[in-house]
Amino acid sequence: MELLRAGCGEHALRTAALLRRSHPADKELQLAGLLHDIGRMLRPGDGVRHAVLAAEAVRPLLGERVARLVRLQAPGGAGVEAGGPGVGADGAGGAGGAGGADRPGGDAEAAATLRQALEAAGASGLDAGVLEDWRPLLELVAAGPGRAGNASGPLGSPRGPLAGRR
């Protein structure tokens, strides 16, 4: 949280706030908007790779989808070298897994939404609050894969995990 507090600018807060308003159920998208520039804080001056650095930094805690959305914000849209960590040549996370930006059901629409929010946040006079407002969401998404933004609600299925059910 300290690293975020030190460098999280108004632009990142406005981006996340805009995404919270336009896509309230997509918690991972909101966090990608909040964290898209963290790579600039991790390695100042490494401009072109900041999205890749940010993605590598958030993946262990917030999962592959947040990392992929952050990575897709690099100049040129792909943000990755083929075969980079956790990324196939097509930009999809994992080895041939679903969810690539160019695949049906992938994150192309979410990535485009994030880019639009990034642009809109630059011109917005929105009062986006403070970083501490985002702590509960960071903790929720970090608590486990599939808990945020799923179809059954932000905390998962009300009856527990579906694994093993018939």
Side-chain angles (χ1 to χ4, degrees), residues 1 3-5 8-39 51 54-74 77-80 86-88 90-94 96-165:
M1 222 32 201
L3 175 62
L4 286 174
R5 193 174 288 113
C8 189
E10 283 296 312
H11 183 259
L13 289 168
R14 283 194 304 265
T15 301
L18 288 169
L19 290 166
R20 179 181 275 171
R21 288 182 178 184
S22 65
H23 292 77
D26 196 341
K27 308 305 185 195
E28 294 166 327
L29 177 62
Q30 296 166 29
L31 289 182
L34 181 67
L35 301 171
H36 72 277
D37 265 348
I38 198 172
E56 290 171 0
V58 302
R59 181 183 299 109
L61 184 61
L62 300 174
E64 184 59 38
R65 183 166 183 256
V66 175
R68 186 173 42 253
L69 289 170
V70 167
R71 187 184 318 108
L72 288 169
Q73 300 317 302
V80 294
V87 178
D90 63 353
D102 58 345
R103 295 181 180 178
D107 287 321
E109 185 177 329
T113 299
L114 178 52
R115 278 190 288 277
Q116 291 170 351
L118 289 167
E119 291 173 15
S124 173
L126 175 68
D127 176 12
V130 296
L131 182 60
E132 291 298 324
D133 296 341
W134 293 93
R135 184 182 191 125
L137 183 57
L138 283 161
E139 291 172 349
L140 176 69
V141 173
R147 294 210 46 198
N150 63 28
S152 59
L155 297 177
S157 171
R159 297 185 193 135
L162 297 176
R165 287 195 175 181

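Only this structure's heavy atoms are used, side chains among them; waters, hydrogens and symmetry mates stay out. For clarity, every value in this text was computed on a predicted model and none was experimentally measured.
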Problem set entry | Short N-O contact, E139 and R135, less than 4.0 angstrom |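 Salt bridge between E139 and R135, a charged N being under 4.0 Å from a carboxylate O: yes.
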
Exercise. When you measure from the side chain of R115 to the backbone N and O of L72, does any donor-acceptor pair fall under 3.5 Å?
Worked result: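 Confirmed, R115 side chain pairs with L72 backbone.
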
Exercise. Where the side chain of Q30 meets the backbone of P24, is there a donor-acceptor pair that is under 3.5 Å apart?
Worked result: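 Present.
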
Donor-acceptor pairs under 3.5 angstrom involving side-chain atoms of residues 15-23: please list them, not counting sequence neighbours.
from: T15; atom 1: OG1; to: H11; atom 2: O; distance (Å): 2.8
from: S22; atom 1: OG; to: L18; atom 2: O; distance (Å): 3.2

Hey, could you give me the [atom1]/[atom2] distance between [X] and [Y], rounded to the nearest 0.5 Å?
X	Y	atom1	atom2	result
L114	Q73	CG	CD	3.5 Å
L140	K27	CG	NZ	8.0 Å
L31	W134	CG	CH2	7.0 Å

Exercise. Looking only at heavy atoms, what is the nearest atom pair of V70 and A54, with distance?
Worked result: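 Between these two residues, the closest heavy atoms are CG1-CB, 3.5 Å.
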
Exercise. Salt bridge (charged side-chain N to carboxylate O under 4.0 Å, His left out) with R14: which residues, sequence neighbours excluded?
Worked result: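 Salt bridge (charged side-chain N to carboxylate O under 4.0 Å, His left out) list for R14, sorted by chain: empty.
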
Residue pair [X] / [Y], side-chain heavy-atom distance below 4.5 Å:
X	Y	answer
L138	L35	yes
L29	D107	no
R65	D26	yes

